[in-house]
Chemist: 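Structure below; questions to follow.
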Amino acid sequence: GAGVSQSPRYKVAKRGQDVALRCDPISGHVSLFWYQQALGQGPEFLTYFQNEAQLDKSGLPSDRFFAERPEGSVSTLKIQRTQQEDSAVYLCASSLFREQPQHFGDGTRLSIL
Amino acid sequence: QKEVEQDPGPLSVPEGAIVSLNCTYSNSAFQYFMWYRQYSRKGPELLMYTYSSGNKEDGRFTAQVDKSSKYISLFIRDSQPSDSATYLCAMSATGGGNKLTFGTGTQLKVEL
């Protein structure tokens, strides 16, 4: 596709449920990033992939958060046993390779009830 | 204290005005500086990407970086109502493809 695609756009879940968020990066982009954006704040880094390798997961807030990119293209961010504080917009970004600027999708808006 | 500080606004200006948006940072390892525009319920859109101190111009937008003062700016000339959005500064230590550290974002409204 022409840009980074994320699905679903909106997700509502009850506290304690597991959720999975999908990211389709721009075709051919090697680097893929996940960010979390709270209301009224700038995005905060969660994790980084180069192809299928997860090279940095220092931003994941707890072990309930897990990300994968098994074939080096589509990525999934999974949150287990969701909590209310997980409510945020989850943004995915990709870049052609590490030194190139990142291009963002429109995000998944997650609400935990 | 956050690594990147940005006045959240809101900033309201009349159409045609020159807008100045600014960020300061504390991490001297930052080498790459970006400005993103974010409309409501959309993802950040890259506006400017710069490396090292100096100016970069693209149409109505000019980005300035002063590494000695750890200060970056974005100027918008002849502002339009369509420029109304949140503007995010972002920076990284080893290139745009490394993890970005963002400011809070400045909310801009350009009034007719």
Side-chain angles (χ1 to χ4, degrees), chain A residues 2-10 21 23-26 28-51 54-60 67 88-111, chain B residues 2-11 21-25 27 29-52 56 58 61 63 72 74 85-108:
Chain A
V4 178
S5 178
Q6 292 188 246
S7 61
R9 286 297 316 279
Y10 303 91
L21 313 180
C23 173
D24 279 274
I26 294 171
H29 278 199
V30 168
S31 298
L32 185 145
F33 301 79
W34 285 96
Y35 293 84
Q36 181 190 61
Q37 186 173 24
L39 189 64
Q41 301 296 315
E44 293 201 355
F45 170 79
L46 293 176
T47 188
Y48 160 59
F49 289 86
Q50 183 173 301
N51 295 307
Q54 188 175 20
L55 299 185
D56 187 345
K57 54 182 181 180
S58 62
L60 295 177
V89 175
Y90 290 85
L91 294 164
C92 176
S94 69
S95 64
L96 185 57
F97 50 88
R98 186 172 168 146
E99 301 304 317
Q100 292 297 305
Q102 295 175 32
H103 299 273
F104 284 80
D106 285 335
T108 293
R109 185 174 298 268
L110 177 64
S111 296
Chain B
K2 291 186 175 182
E3 280 190 292
V4 180
E5 298 282 353
Q6 184 176 10
D7 187 337
L11 179 63
L21 304 167
N22 312 294
C23 288
T24 59
Y25 62 95
N27 187 347
F30 289 142
Q31 299 292 324
Y32 295 84
F33 305 91
M34 286 134 275
W35 286 95
Y36 284 86
R37 177 175 62 195
Q38 187 173 29
Y39 292 113
S40 180
R41 298 186 180 271
K42 303 291 272 184
E45 171 193 2
L46 182 67
L47 286 176
M48 301 291 279
Y49 177 64
T50 58
Y51 170 75
S52 77
K56 181 176 181 179
D58 184 1
F61 299 93
I72 69 170
L74 178 71
T86 295
Y87 289 79
L88 296 155
C89 64
M91 40 201 84
S92 70
T94 55
N98 206 357
K99 62 182 177 184
L100 299 179
T101 301
F102 282 86
T104 306
T106 299
Q107 189 178 349
L108 172 67

Chemist: So A:Gln102 and B:Ser92, do their side chains get closer than 4.5 Å, heavy atoms only?
Modeler: no

Chemist: Measuring heavy-atom distances to chain B, does A:Thr47 have an atom under 4.5 Å in its side chain, in its backbone, in both, or in neither?
Modeler: neither

Chemist: Kindly give the heavy-atom pair with the smallest separation between A:Gly42 and B:Leu88, and that separation in Å.
Modeler: CA-CD2, 3.9 Å

Chemist: Among all residues two or more places apart in sequence or in another chain, which pass the side-chain contact (heavy atoms from CB on, under 4.5 Å) test with B:Thr101?
Modeler: B:Glu3, B:Val4, B:Phe30

Chemist: Does the side chain of A:Tyr35 reach to within under 4.5 Å of the side chain of B:Leu100, using non-hydrogen atoms?
Modeler: yes

Chemist: In Å and rounded to the nearest 0.5 Å, what is the CG to CZ distance from B:Leu46 to A:Phe104?
Modeler: 9.0 Å

Chemist: Looking at B:Gln38, B:Glu45, B:Gln6, B:Gln107, which makes the most heavy-atom pairs under 4.5 Å with chain A?
Modeler: B:Gln38

Chemist: To the nearest 0.5 Å, what is the distance between OH (B:Tyr49) and CD (A:Gln100)?
Modeler: 6.5 Å

Chemist: Check whether A:Glu44 gets within reach of chain B through its side chain, its backbone, both or neither, counting any heavy atom under 4.5 Å.
Modeler: neither

Chemist: To check you understand the geometry: which heavy-atom pair defines the closest contact between A:Gly40 and B:Thr104, and what is its length?
Modeler: O-CG2, 3.3 Å

Chemist: Identify the heavy atoms of A:Asp106 and B:Gly43 that sit nearest to each other, and give their distance.
Modeler: OD1-N, 2.9 Å

Chemist: Provide the closest heavy-atom pair for A:Arg109 versus B:Arg41 in the form atom of the first, atom of the second, distance.
Modeler: NE-NH1, 3.0 Å

Chemist: Closest approach of A:Phe33 and B:Lys99, non-hydrogen atoms and distance?
Modeler: CE2-N, 3.9 Å

Chemist: Of all the heavy-atom pairs spanning A:Gly105 and B:Pro44, show the shortest one and how long it is.
Modeler: O-CD, 4.4 Å

Chemist: B:Ser40: what forms a side-chain contact (heavy atoms from CB on, under 4.5 Å) with it, not counting sequence neighbours?
Modeler: none

